[in-house]
Every structure is written in structure tokens, then in C-alpha cells.
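One structure below.
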Amino acid sequence: MAETVEQAPLEWDTPLFNTARTQYEQALPYADVGDAVAERLRFPERATMVSMPVRMDDDKWHVLPAYRVQHSSVLGPTKGGIRYDPHVSLGECAALAMWMTWKCSLLRLPFGGAKGGVRCNPREMSIAELQRMTRRYTSEMMSVIGPQEDIPAPDMATDEQTMAWMMDTYSMQKGYAVPEVVTGKPISIGGAVFRAEATGAGVVMVIERACERLGWSLDGMRCVVQGFGKVGAVAAAELVERGARVVAVSDVSGGAYAEGGLDLEAVTEWIHLHRHDLIEFPGAEAVTNDELLELPCDVLVLAALEEQVTAENAGDVKAAMVAEGANGPTTLEGDEILADRGILVLPDILTNAGGVTVSYFEWVQDLGRLFWNRDETRFKLREKMTDAFDRVWGLSEERGLTLRSAALVAGIREVAGALTARGIYP
Ligand code: GLU
């Protein structure tokens, strides 16, 4: 009698990776992919996990887990952010790396997906501690990153300063300046103009295109934005520029709600003065992050964290359209409920792709040592986002799919087509 061998759970088997995997499995039947190719893309190609010592300002050493997961190198170097967060894990990085693969291929960028990070509490760390941690992380990952191998960028709690330290550490080891090893750098060392605003601006380009298709006008629309960081703050400002009214925004502390629309400049100033205390913003009603998601509005922008709209609250979302500025903000169950309720979801791999698209522009400019201006960059970003949106919209109409499924199918097809053409080695 055959012996049944119990398999050990795979290291990346976590809820977020399960979401990414399930989305992949659900999209596969529409993507016309051969079995071998489908199997090859199910898991990341490589995962690097280290534990690294970082000296704190009180001279104590913390040994922190750090990761870099590379999902697919079929189309080119892998690409994706580095996050500093207490929840970073191998499974989380694997899920985010897989989404980066589909995001890059959907946008027709010559990259595969990666993601990495350090499990730490960045809010409790000083600038000096963050710098030592970033330099150690870069040294640990020297053998797996590189301009033709894997190109990091900012993500949660990392920014252009983090990228400058990474670029410097890498360059010092090489002996010459290598700006093209990371994107999202300061402009003074080869960063692209408009990169900092690109994700938030791209979110609104997608919302605008969707409104055009639906015959809706952004002028006068009520918008709610969860997360007032690098993505949400820019998206909120871009919405207001187009005549929309942002009635509520939030940060980690909670949200501020004002029916007549919030003065975003005052909100920004308040956040700078009172770090993460938006809940006390004067002249507005305080709301929790949970309440904010249930406010009646035309557009709800999710620009905070993953797993925000779930089976518990999706039934109470009162938006006509949900735009995913964050990666994975809607769980599988939440997504199904929104779809059943006829709420249009603009999916993350399309909607927040502005960041990596301008990262691609930055890498190209660094390699060519020739730089573009803001208008050129914005124009080229709009072209890329609109083209991707139109392909996704067309596929969703043609095959009767949600925009998320259509985006995944379109992304998977590109990678699978390339892998089929290259063949699986040896
Ligand atoms: N972290 C961003 C994302 O999730 C940007 C990645 C990049 O620019 O490489 O898309």
C-alpha cells in the first residue's frame, strides 16, 4: 500500500500569499497558459532571508529579520520596493513580489517582480538607526540586487533618503557611482522628476479614465481617501485639482471628515506639526479608519495598507468606485462582496502602477545618463496608464471579467508569452 507522506507547509504559505496565489489560479483559465509555464510562475524564483545586526543609539544591538523575494526574471531584472514594517515576512514579500510581476508586465515594462523589507518598527527608530539598518541591508543583499538583476525602490516607510543610502552603499562596494541600482532616489543623484508624485498621480489618471468610460464627471464628486502618505496625499490633491471634493482622509491615528470638503494644505501642515494625529484635526469630525471606509462617497481611494476591505466590512462600503492605491487592500472575500454589490474596483496592479512606471523611466534615464523634464515624464506616464487601462477595460468587456481579473489575465499573458518564447531551461 502506498505510504501517504505529509508535506510540510511551504514557507510563503501566509494569508497574503494565499490571496495572490488564489487570484493567479482564478485568472489562469482565461490566460491560455501551458501547464509547465503556469507551474513555473506559481512561486517566486528566489527568496533571500537574512538576520542582520543593527546597532541602536543606546549601543544595544537588535538582530532583525530581512528579506528580498524575486518572483520572475523572465522579462528583465526584477523590480519592487523595500518596506520597513513590523509585519514584514517571507510570505508577505512573496505575495507583493508576485503582484509586482503582473503589474510590470501589465504596464509592458521590461521587468519582473520583487519585494523586500526589514521587520522592524521604523516609527521608533532614529535617522541614524535607519541609516545603519539600510546600509547593512544593502550589504546583505549585494549579491542579489543590481541594475541588471534586481532594482529596489521605496515602499512602506522608506523614501528617497533610504534609496540614497542604498545607492551609496552599493556604489561604495563597486568603486563607482551606480545610480541605476535603485529608483525613487533624490533628483541630485539621478532620481526622476515626478517619481515622488507618480503613484498618487497615476491613481487619479486611472480614476479619470474610468470616469470617462462610465460617463461620470470628477467635477463635484465626493471622495474619501484612506491613508494620507506618499500615495494618498498626492491622490487627494490631484482629485481636488480636478474639481472633486475630498470629504475625509485618514492616517494611522484615524481620520478627519468634513462634509464641505477638507482643506488639504491645512491637513498636510497639521500632520507635519503633530505626527500621526489627524484624528484631532480642528474643524472636522473625527472618524476611525473603520468608519472612514463606510462613509457614503463616489470614490473611495485605499492608499494605506493591505487587507482593509474584508468579508466583515465590504457589505458596508458605500462608495460607487473603489480605487486601490495600496497593494492588496481588498481580501478575496471582500472583493467578491464588492463585485456582487456592483461596486467598481480599480485593481491595485493597474491603479498604483504609476510608481513603478516612473521607476522604469528613472532606470532608463540613469542607464542613458540623459534626463527628461516633468511635463515629458507626466505625459509618458499618462500614455502608459491609459494604454494599460484601455486594454484591461476591453478584456473585461470581451470576457465578462471584473477589472481585477482582466488586469491579472493581461499581466499573466505577457509573462507567460515571454516564458513560452524563451522556453524553460535546460
Ligand atoms: N513600491 C512600489 C510598488 O509597489 C514601487 C516599486 C518600484 O518603483 O519599483 O509598486
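Heavy atoms only: backbone and side chains are in, while hydrogens, waters and symmetry mates are out. Every number for a ligand or one of its atoms is a count from 1 in the order of the listing. Just so it is clear, the structure is predicted and the values come from calculations on it, not from any experiment.
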> Run the side-chain contact (heavy atoms from CB on, under 4.5 Å) check on Arg195 and Ile187 step by step: do they pass?
Replying inline: CA-CA 9 Å; Arg195 173 63 185 85; Ile187 291 168; over 6 Å; no
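Interface of Ser359 with ligand 1, defined as ligand atoms under 4.0 Å from a residue heavy atom, comprises 7 (C), 8 (O), 9 (O). Residue-ligand proximity, Val356 to ligand 1, at heavy-atom distances under 4.0 Å covers atoms 7 (C), 8 (O), 9 (O). Annotation for ligand 1: atoms under 4.0 Å from non-hydrogen atoms of Met100 are 3 (C), 4 (O), 6 (C), 10 (O). Residue Lys115 has at least one heavy-atom neighbour below 4.0 Å for each of these atoms of ligand 1: 1 (N), 3 (C), 4 (O). With ligand atoms numbered from 1 in the order given, ligand 1 contributes 1 (N), 2 (C), 4 (O) to contacts under 4.0 Å with heavy atoms of Asp155.
Ligand 1 lies out of reach of Arg83, whose nearest heavy atom is not under 4.0 Å from it. Under a 4.0 Å heavy-atom criterion, Ala353 is not in contact with ligand 1. In this structure, Gly80 has a heavy atom closer than 4.0 Å to ligand 1.
Within the 3.5 Å criterion, the main-chain N or O of Pro86 finds no donor-acceptor partner in the side chain of Asn121.
Residue contacts with ligand 1 for Asn327 involve side-chain atoms from C-beta outward but no N, CA, C or O (heavy atoms, distance under 4.0 Å). Contact annotation for Arg195 and ligand 1: only side-chain heavy atoms (C-beta onward) come within less than 4.0 Å of the ligand.
Using modelled atom types, one finds no donor on one side chain facing an acceptor on the other under 3.5 Å when comparing Arg68 with Thr48.
If you take CD on Gln226 and CG on Leu293, they are separated by 4.5 Å, rounding to the nearest 0.5 Å. In this structure, Glu336 CD and Arg404 CZ are separated by 11.5 Å, a value rounded to the nearest 0.5 Å.
Protein heavy atom closest to atom 7 (C) of ligand 1, with residue, atom name and distance, is Ala153 CB, 3.3 Å. Regarding atom 9 (O) of ligand 1, its nearest protein heavy-atom neighbour is Lys79 NZ, 2.8 Å. Regarding atom 3 (C) of ligand 1, its nearest protein heavy-atom neighbour is Lys103 NZ, 3.4 Å.
Aromatic ring centres of Trp372 and Phe194 lie farther apart than the 6.0 Å criterion allows.
The closest side-chain heavy-atom distance from Leu107 to Met385 is below 4.5 Å.
Between Glu383 and Arg108 there is no salt bridge, since no side-chain nitrogen of the basic residue lies less than 4.0 Å from a carboxylate oxygen of the acidic one.
The N/O atoms of Asn352, backbone and side chain alike, include none that comes under 3.5 Å of an N/O atom in ligand 1.
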